[in-house]
Amino acid sequence: MNIVEKMIISLESKMEKRFETLESKFGSLESKFDSFETTMDKRFDALEEKFDRRIDDLAIITKEGFDRVDARFEKVDERFDRIENISIGGHARRLDNLEDRVRVIETKTKIKR
């Protein structure tokens, strides 16, 4: 074997060792990336669950708010109904009084309908 062949064999050996080192490092990196991916998946799942709970909470709060507003509108409607009934009752009474007066006037003046 001449010197050139020995150098080539030596270089091949060195390159083989470096490739093995690189393969080992890439394997380690691949393992780290897999672990990172698993961790990130868990975090995203937890975050998604948290957002879902928050959206549900907001929906409940919004519904409660609308329920309170609806209850207040019902009270306002009841008040308007009472006012309307009082008003209509007052008008009805006034109409009855006017009709009574007209009858009295008709009777006194002897006007017939």
Side-chain angles (χ1 to χ4, degrees):
M1 233 194 247
N2 65 23
I3 196 138
V4 173
E5 289 175 343
K6 287 182 183 178
M7 287 175 71
I8 290 174
I9 291 173
S10 173
L11 277 173
E12 283 178 348
S13 173
K14 287 179 184 178
M15 287 178 67
E16 186 78 28
K17 287 180 185 176
R18 288 195 178 172
F19 282 132
E20 286 173 5
T21 303
L22 284 174
E23 270 184 19
S24 169
K25 288 182 179 179
F26 280 126
S28 173
L29 280 175
E30 185 178 10
S31 162
K32 287 180 182 178
F33 278 121
D34 288 344
S35 174
F36 178 73
E37 181 182 19
T38 303
T39 301
M40 291 307 293
D41 282 344
K42 288 179 183 176
R43 286 184 179 177
F44 280 124
D45 289 344
L47 188 61
E48 183 179 11
E49 186 177 315
K50 189 176 184 179
F51 278 133
D52 288 345
R53 270 187 271 126
R54 184 68 179 148
I55 288 171
D56 290 343
D57 291 346
L58 289 173
I60 289 168
I61 290 169
T62 302
K63 183 188 178 311
E64 289 172 354
F66 277 113
D67 288 346
R68 281 192 300 258
V69 169
D70 192 40
R72 290 180 75 189
F73 274 124
E74 285 179 20
K75 288 180 182 178
V76 169
D77 282 343
E78 288 173 9
R79 288 180 186 161
F80 279 141
D81 288 344
R82 273 198 317 247
I83 292 169
E84 186 177 2
N85 288 337
I86 290 169
S87 178
I88 289 173
H91 290 304
R93 219 173 319 119
R94 288 176 70 189
L95 285 172
D96 288 342
N97 290 341
L98 286 173
E99 287 175 351
D100 289 344
R101 285 181 176 176
V102 168
R103 274 190 219 110
V104 169
I105 293 171
E106 286 175 345
T107 305
K108 286 184 178 180
T109 59
K110 297 185 181 178
I111 300 175
K112 291 189 178 180
R113 284 190 193 178

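Everything numeric in this text was worked out from a predicted model, so none of it was measured.
- Using a 4.5 Å heavy-atom cutoff, the side chains of V104 and K108 are in contact.
- Listed by first and then second residue, the salt bridge (charged side-chain N to carboxylate O under 4.0 Å, His left out) pairs that reach into residues 43-56 are E49-R53, sequence neighbours excluded.
- With sequence neighbours left out, the salt bridge (charged side-chain N to carboxylate O under 4.0 Å, His left out) criterion links D100 to R103.
- Among residues at least two apart or in separate chains, salt bridge (charged side-chain N to carboxylate O under 4.0 Å, His left out) pairs with a member in residues 57-76 are K63-D67.
- Residue pairs meeting the side chain to side chain donor-acceptor pair (under 3.5 Å) criterion with at least one partner in residues 16-30, sequence neighbours excluded, do not occur; the list is empty.
- Taken together through direct or relayed side-chain contacts under 4.5 Å among Ile, Leu, Val, Met, Phe, Trp and Tyr, F19 and L11 form parts of separate hydrophobic clusters.
- For the pair T39/K42, no side-chain contact is recorded, criterion being any heavy-atom separation below 4.5 Å from C-beta on.
- Proximity of a side-chain donor or acceptor of T62 to a complementary backbone N or O of L58 within less than 3.5 Å is detected.
- By the side-chain contact (heavy atoms from CB on, under 4.5 Å) test, F51 is found to be paired with L47, residues two or more places apart in sequence or in another chain being considered.
- Residue L22 is grouped with residue L29 when hydrophobic side chains (ILVMFWY) are merged at heavy-atom distances under 4.5 angstrom, including chains of intermediate members.
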For residues 2-10, dump all side-chain donor-acceptor pairs below 3.5 Å to protein atoms at least two apart in sequence or in another chain.
residue: N2; atom: OD1; partner: V4; partner atom: N; Å: 3.2
residue: N2; atom: OD1; partner: E5; partner atom: N; Å: 2.9
residue: E5; atom: OE1; partner: N2; partner atom: N; Å: 3.4

